[in-house]
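Values below: every heavy atom of this structure, side chains too, minus hydrogens, waters and symmetry copies.
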Amino acid sequence: MPTSDRPEARFSYEGLDRIIHERARLSVLTSLVSHPRGLAFPDLKRLCGLTDGNLSRHLAVLQEADLVSLEKGYDQNRPQTLCRLTPSGRTRFLDYLGVLEQVVRDAAQAAGKPQNAAGKPQGAAGHDRSGHDRSGHDRSGHDRSGLAEPV
């Protein structure tokens, strides 16, 4: 379709939230969405590979934007900070992920890559990203359907 036939600003992706999009904050939110009960500061720091100061600063930005809540307390007489997604933070993050999925679909389509039935881009010759075609065969033609996928 010629560019002139497309809606205005088709690829502007207004839903890409600058607060979330920063790499460290994206890792914090991804960690927290997978732990609905929250994570203690040291656990979150380890999962995200951040220093104390770096994580503190990113949490302050996320807290100011009402994406996370920080609960100070004690665990076995030791100070502890518990980090959680707020309900609105969870909604905003999931909306953000939907926009990212659209970016991937649009980029794959623009690059001319075929997509599978789920709308996910496939690699060359109809293979998915793991190198397997729909029948479970790898690029060399060997049946790998019974083997665990590489991590």
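Remark: E22 engages no residue in a side-chain hydrogen bond (donor to acceptor under 3.5 Å, both in side chains) (not counting sequence neighbours). Residues meeting the side-chain hydrogen bond (donor to acceptor under 3.5 Å, both in side chains) test with R84, sequence neighbours left out: E71. Under the rule for a side-chain hydrogen bond (donor to acceptor under 3.5 Å, both in side chains), the partners of T86 that lie at least two apart in sequence or sit in another chain are S88. Partners of H35 by side-chain hydrogen bond (donor to acceptor under 3.5 Å, both in side chains), not counting sequence neighbours: none found.
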Under 3.5 Å, which donor-acceptor pairs link side chains of residues 50-63 to any protein atom two or more places apart or in another chain?
| from | atom 1 | to | atom 2 | distance (Å) |
| --- | --- | --- | --- | --- |
| T51 | OG1 | N54 | N | 3.1 |
| D52 | OD1 | K45 | NZ | 2.9 |
| S56 | OG | D52 | O | 2.9 |
| H58 | ND1 | R25 | NH1 | 3.2 |

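L82 is not connected to L67 by any chain of hydrophobic side-chain contacts under 4.5 Å among Ile, Leu, Val, Met, Phe, Trp and Tyr, and they are in different clusters.
Note: D95 CG to L16 CG = 12.0 Å, rounded to the nearest 0.5 Å. Of the inter-residue distances, the one linking R92 atom CZ with L29 atom CG reads 9.0 Å to the nearest 0.5 angstrom. Rounding to the nearest 0.5 Å gives a distance of 7.5 Å between SG of C48 and CG of L32.
Here ring pair (Phe, Tyr, Trp, His ring centres under 6.0 Å) pairs that include residues 88-108, with residues two or more places apart or in two chains, are H21-Y96.
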Is there a side chain to side chain contact (heavy atoms under 4.5 Å, CB included) between C83 and V68 once you walk through the steps? CA-CA 7 Å; C83 310; V68 301; 5.8 Å; no
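Shown here for R90 and V33, the closest heavy-atom pair between the two residues is NH1-CG2, 3.2 Å. The heavy-atom pair separating S31 from L44 by the smallest distance is CB-CD1, 3.6 Å.
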